[in-house]
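What follows is one structure encoded as structure tokens, with my remarks underneath.
Here, residue 1 is the first one in the sequence, and each next residue gets the next number. Counting starts at 1 for both ligands and their atoms, in listed order.
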Amino acid sequence: MKQFEKEMRKCIKLAQKGIGMTSPNPMVGCVIMNSANEIVSTGYHRACGLAHAERDALLKSGDFRGCTLVVNLEPCSHYGKTPPCADLIIEKGIKAVVYGMKDPNPKVAGKGIRKLKDAGINIIGPVLEEECKKLNEVFYKNHTQRKTFVALKTATTIDGKISTKSGDSKWITSEKSRNEVKKIRKFYDAILTSSSTIIADNPSMLHKNKIILDRELKTDLDFNIYKNGNIYVFYSEDKNNTLELKQSKRPDIKYIKTPSDDKKLNISFILKKLYHFGIMSVLVESGGSLNGSFLPHIDKLYHFIAPKILGDNSGKSCFDGLITDKISQCTNLKFESSKIFGDDILVIYSK
Ligand code: AOF
Ligand code: ZN
């Protein structure tokens, strides 16, 4: 193993303690080692607005002069909600800084490294850059593309069906898989579903932010999904009849008029709005038709496969409405990882 990879892996582990808490900020972990290569302090970024990982590690008791600081993201050099980590690193007499990836945030973007170098600190990196980018894939996309990160989850039989022809889908996957879905939801700022899924399954989908695509405003507020959370309803601009009534009832529900093409809400418009609302990542959990519309926009796919076979041509597929005559025209994804949940398998793909 190359030098500092072990410590960088530890930073990634520490950073992951902040899962679901740091948005719109990244997940960051930090390890400080003395000249004998012993770990003398660790830290991580607990939540947006709280101390950065480097500050968390450096403010613990100890004399860190001559030590090496390892961190999965370039230390910051700007005044945000917290003061610059680079200044504290210099002040504490750190001798070398090992970083995992450059900070894509234009406020930092190389300036942190520059500042440390100018102060005579030895800079080593990037170390495990791919792993570090993967850890902060949401933050990376937000800053490099100024767009919301889109993940999609689906659960199917071996033959790719999400329900029978009559719409029966309870349950394709096991309880273990369904519990994993609850964990996956926590990684994302919001979950997104459609009126058809709400009407068919009446899910609760516990989450702080819920996005509902309801072109014709067909769902009323008695459905479980409306029981909690901040709710954003996207509807077609040619439908606003029941709007006034709904808006007056619930101040926590935002209604957003959305252009539609060919009887489908414009997904690019919706994603731009979400970014504008500060929703940095979204998990789509819906039926085949919406999944099909979202396919060109996804960054990541969670596919749960249960060892069940419907063998029925009219059962509903996980991605609908796409016309693909040739294999050369299909959507290609890359395998990322897989995990087993009882008899089910979860395969994670990226674009
Ligand atoms: C974090 N945690 O451990 C590191 C970050 O508004 P602020 O002051 O919290 O600054 C946020 C920016 O700081 C963030 O976008 C990233 O560029 C940089 N580094 N941020 O939240 C950390 N090291
Ligand atoms: Zn910082």
Side-chain angles (χ1 to χ4, degrees), residues 4 7-33 39 41-60 64 67-94 96-119 121 123-129 131-149 186-189 275-281:
F4 300 118
E7 290 76 18
M8 194 57 77
R9 288 219 162 80
K10 188 161 171 78
C11 290
I12 294 175
K13 269 253 151 67
L14 284 162
Q16 282 166 335
K17 290 184 170 192
I19 278 180
M21 301 301 293
T22 64
S23 179
N25 285 356
M27 288 177 268
V28 188
C30 176
V31 164
I32 302 176
M33 292 148 69
I39 293 179
S41 186
T42 62
Y44 73 98
H45 184 53
R46 284 175 171 72
C48 172
L50 298 183
H52 290 181
E54 304 90 312
R55 182 165 296 274
D56 188 43
L58 286 166
L59 292 184
K60 288 181 181 162
F64 302 124
C67 284
T68 297
L69 180 143
V70 186
V71 60
N72 58 285
L73 182 74
E74 169 188 3
C76 71
S77 51
H78 71 299
Y79 283 88
K81 290 179 205 79
T82 59
C85 294
D87 291 358
L88 188 65
I89 292 170
I90 297 165
E91 190 191 309
K92 292 278 177 180
I94 292 287
V97 168
V98 183
Y99 72 96
M101 65 184 276
K102 272 203 182 160
D103 189 340
N105 181 351
K107 284 184 190 152
V108 184
K111 293 187 206 92
I113 291 175
R114 183 80 266 148
K115 197 170 201 179
L116 295 168
K117 265 191 185 156
D118 288 349
I121 293 174
I123 304 292
I124 303 154
V127 171
L128 294 183
E129 190 178 23
E131 285 87 338
C132 293
K133 279 189 180 163
K134 192 94 259 172
L135 169 76
N136 279 311
E137 59 188 354
V138 169
F139 177 75
Y140 192 75
K141 182 178 184 189
N142 296 160
H143 282 287
T144 53
Q145 297 181 37
R146 313 213 65 73
K147 280 184 179 164
T148 295
F149 185 94
K186 294 201 180 112
F187 303 165
Y188 297 96
D189 280 358
Y275 190 76
H276 172 78
F277 293 145
I279 292 175
M280 294 296 140
S281 61

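With hydrogens left out, the protein atom closest to atom 13 (O) of ligand 1 is His52 CE1, 3.1 Å, a heavy atom.
Ligand-side atoms of ligand 1 in range of Phe139: 15 (O), 16 (C), 17 (O), range being under 4.0 angstrom from any heavy atom. In summary, the atoms of ligand 1 found under 4.0 Å from a heavy atom of His78, numbered by their order in the structure, are 10 (O), 12 (C), 13 (O). Atoms of ligand 1 found under 4.0 Å from any heavy atom of Gly80 (numbered from 1 in listed order, with element): 6 (O), 8 (O).
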Query raised in the report: Run the salt bridge (Lys or Arg N to Asp or Glu O under 4.0 Å) check on Arg9 and Glu131 step by step: do they pass?
Result: CA-CA 9 Å; Arg9 288 219 162 80; Glu131 285 87 338; 3.8 Å; yes
**Report entry** Intermediate values then yes/no, salt bridge (Lys or Arg N to Asp or Glu O under 4.0 Å), Glu7 and Lys10
**Finding:** CA-CA 5 Å; Glu7 290 76 18; Lys10 188 161 171 78; over 6 Å; no
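The proximity of Leu73 to ligand 1, defined as any non-hydrogen pair under 4.0 Å, is limited to the side chain. Within the 4.0 Å heavy-atom criterion, neither part of Tyr44 lies near ligand 1. Contacts of Asp103 with ligand 1, taken as heavy-atom pairs under 4.0 Å, involve the side chain alone.
For Lys13, the side chain to side chain contact (heavy atoms under 4.5 Å, CB included) criterion is met by no residue, not counting sequence neighbours.
From Ile124, atom CD1 reaches atom OH of Tyr99 across 10.5 Å, with rounding to the nearest 0.5 Å.
Geometrically, ligand 1 and Glu54 share a nitrogen or oxygen pair separated by less than 3.5 Å.
Other residues, nucleotides and ligands contribute over 12 non-hydrogen atoms within 6.0 Å of the CZ atom of Phe64.
The set of protein atoms (N, O or S) found at less than 2.8 Å from the Zn ion (ligand 2) reads His52 ND1, Cys76 SG, Cys85 SG, by chain and number.
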